[in-house]
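A short write-up of the structure that comes next.
Remember, it's 1-based here, ligands and their atoms both numbered in the order they're listed. Quick note: residue numbers are just sequence positions, from 1.
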Amino acid sequence: MSKKLQDLIRPEIKDMAAYYVPESAGLVKLDAMENPFSWPEEMKQEWLGLLSKAEPNRYPDPAAKELVEGLRDCFDIDSSLGVILGNGSDELIQLIVMAMKNGSCVMAPMPSFVMYQHIARSLGVKFVGVPLSEDFSLDMPAMLEAINAHNPAVIFLAYPNNPTANLFDDDDVESIIDTTDGIVVIDEAYQPFAMKTYMAKAQQFENVLIMRTVSKLGLAGLRLGFLVGHNSLTSQLEKIRLPYNINVFTQLTANFAFKHIDVLNAQAVLICEQREALLKKLSTFAGVLVFPSKANFILFSLLADSAERVFNELKDAGILIKKMGAVQGLPTECLRVTVGSHEENSLFLGAFASIYHS
Ligand SMILES: *Cc1c(COP(=O)(O)O)cnc(C)c1O
């Protein structure tokens, strides 16, 4: 690119690395917290029948009314609260940060979901990361001090947290909500596996937004997230949502899936059972430190082996997990594995047993 063109781009964007998604064709995919299960054949056929009636020549319903109703039913959203739809919750993170005044600052514990920082940087917004305690709980003195020092417009709390898989202490979360003058976004991406939520308390806190996604529940391909909060706040954010951000096929498929929410919920229960089995088996390896999980993934650290080597050899054996690399606040040599089906987990464990040296 010519110097002239280069100069048009904001320097912080030139300094950024693109969000990296590894090639996964042909591999057992345990890297991205997807639901491994497909739909019963009958349900699939019913869905295909509906799809044949979709009208791709028409714009989607800009308000996605039927979808919002379905969400309210499925996820117990009080009728007094506002709902904003996003093309994945990633888009909602962007929408929230975009709406803040110039000079605002965004805060999150570290390590946490990388998109908070990535999006803040891409929008030229200052990001402050506050290291978690060693046991991955919120470091409250540090959080409260950072809130005092930086007066963040937005604080993101992933509940459960990614990549550490734990739920933060409720007293800590509420103390942050009470202390800050900013908005607290409680990112409940893993709610289907944690069974804990702030949804019922959304009324109580005017400065809280509850963020959810259907990605981890089993609809990652749809790209659908939603944000719930007091109308006074959501009505402002709704103004900058792009009018047709939820496409025809996503609306149709999500409407259909919400009518069969029992199927997805039953799959989440199976995934939780598989998680417990996988936690137990991984913990039997000497020198593997396995962290507890309330999500559909497990973080573990190799005390005497190289995560890089194990990751690469697993990949050569056809199994893709996530190598955490040098993430601030994590022990060294950490890997993250998504909980898959019984068969996938067995393949992973079998390969791991032959690759790993304690
Ligand atoms: C996966 C994930 C998301 C992203 O969800 P999408 O709706 O697929 O964009 C958001 N927050 C956390 C903590 C996640 O792990």
Side-chain angles (χ1 to χ4, degrees), residues 19-22 24 29-36 64 67 71 74-75 83-98 106-120 122 127 129 132 136 138 154-168 173 184-194 196-199 209-228 241-242 245-247 250-251 253-254 257-258 264 268 271 275 291 293-299 321-322 324 327 329-330 334 336-339:
Y19 186 78
Y20 170 69
V21 179
S24 60
K29 199 167 179 311
L30 299 175
D31 68 324
M33 283 75 110
E34 291 146 316
N35 172 333
L67 199 159
L71 284 174
C74 282
F75 302 109
V83 176
I84 307 177
L85 302 176
N87 190 318
S89 42
D90 289 350
E91 191 185 49
L92 294 167
I93 298 168
Q94 189 182 51
L95 186 140
I96 296 164
V97 179
M98 261 192 317
V106 167
M107 186 177 287
M110 292 279 266
S112 190
F113 187 45
V114 292
M115 291 308 284
Y116 308 144
Q117 180 168 19
H118 187 87
I119 288 170
S122 75
F127 177 86
L132 290 171
F136 302 148
L138 289 164
V154 185
I155 301 171
F156 286 99
L157 297 176
Y159 182 90
N161 190 37
N162 173 11
T164 57
N166 59 312
L167 282 164
F168 295 133
V173 171
V184 178
V185 180
I186 302 183
D187 180 350
E188 298 187 338
Y190 299 98
Q191 182 275 336
F193 317 102
K196 283 205 64 173
T197 176
Y198 273 81
M199 197 62 91
L209 291 168
I210 313 285
M211 189 163 69
R212 292 270 188 95
T213 175
V214 298
S215 295
K216 314 293 161 42
L217 180 61
L219 302 168
L222 296 190
R223 306 306 297 129
L224 178 66
F226 57 102
L227 204 54
V228 176
R241 179 179 68 86
L242 296 176
N245 66 333
I246 312 299
N247 71 66
T250 294
Q251 291 196 29
T253 306
F258 292 154
L264 294 177
I271 292 168
R275 172 185 69 201
F291 297 98
S293 170
K294 293 288 178 193
N296 65 339
F297 60 89
I298 295 171
L299 180 74
I321 65 169
K322 172 92 172 170
M324 298 313 297
V327 177
L330 284 189
C334 269
R336 188 190 70 193
V337 63
T338 301
V339 179

Item checked: Met33 to Thr338 - nearest heavy-atom pair and separation -> N-OG1, 2.9 Å
Next item on the list: Please write down residue, atom name and distance for the protein heavy atom closest to atom 1 (C) of ligand 1.
Entry: Lys216 NZ, 1.4 Å
Next item on the list: Write down the atom of Arg241, the atom of Ile84, and the distance for their closest heavy-atom approach.
Entry: CD-CG2, 3.9 Å
Item checked: Sub-4.0 Å atoms of ligand 1 with respect to non-hydrogen atoms of Ser215 -> 6 (P), 7 (O), 8 (O)
Check: Between Tyr116 and Val185, is a side chain to side chain contact (heavy atoms under 4.5 Å, CB included) present by the stated rule, with each step listed?
Finding: CA-CA 11 Å; Tyr116 308 144; Val185 180; over 6 Å; no
Margin query: With respect to Asn162, determine whether any N or O atom, backbone or side chain, lies less than 3.5 Å from an N or O atom of ligand 1.
Written below: yes
Item checked: Heavy-atom nearest neighbour in the protein, as seen from atom 15 (O) of ligand 1, with distance rounded to 0.1 Å -> Tyr190 OH, 2.6 Å
Notebook entry, point to check: Among protein heavy atoms, which sits nearest to atom 7 (O) of ligand 1, and what does the distance come to when rounded to 0.1 Å?
Noted result: Thr213 OG1, 2.5 Å
Checklist line | Where ligand 1 meets Asp90 - atom numbers and elements under 4.0 angstrom, heavy-atom basis | finding: 4 (C), 9 (O)
Next item on the list: Give the minimum heavy-atom separation between Tyr19 and His118, together with the two atoms involved.
Entry: N-CE1, 3.9 Å
Margin query: Side chain, backbone, both or neither: which applies to Arg223 and ligand 1 if a contact is any heavy-atom pair less than 4.0 Å apart?
Written below: side chain
Checklist line | Main-chain N/O of Met324 paired with Arg336 side-chain donor or acceptor, under 3.5 Å | finding: no
Notebook entry, point to check: Near Gly88, which atoms of ligand 1 are under 4.0 Å from a heavy atom of that residue?
Noted result: 7 (O), 9 (O)
Notebook entry, point to check: Do side-chain atoms of Gln251 reach the backbone of Ile246 as a donor and acceptor pair under 3.5 angstrom?
Noted result: yes
Checklist line | Flag side-chain contact, heavy atom, 4.5 Å: Phe258 against Leu264 | finding: no
Note to self: How far is atom 11 (N) of ligand 1 from the closest protein heavy atom, and which atom is that?
What the structure shows: Asp187 OD2, 2.6 Å
Next item on the list: Provide, to 0.1 Å, the distance between atom 5 (O) of ligand 1 and the closest protein heavy atom, together with that atom's residue and name.
Entry: Ser89 OG, 3.0 Å
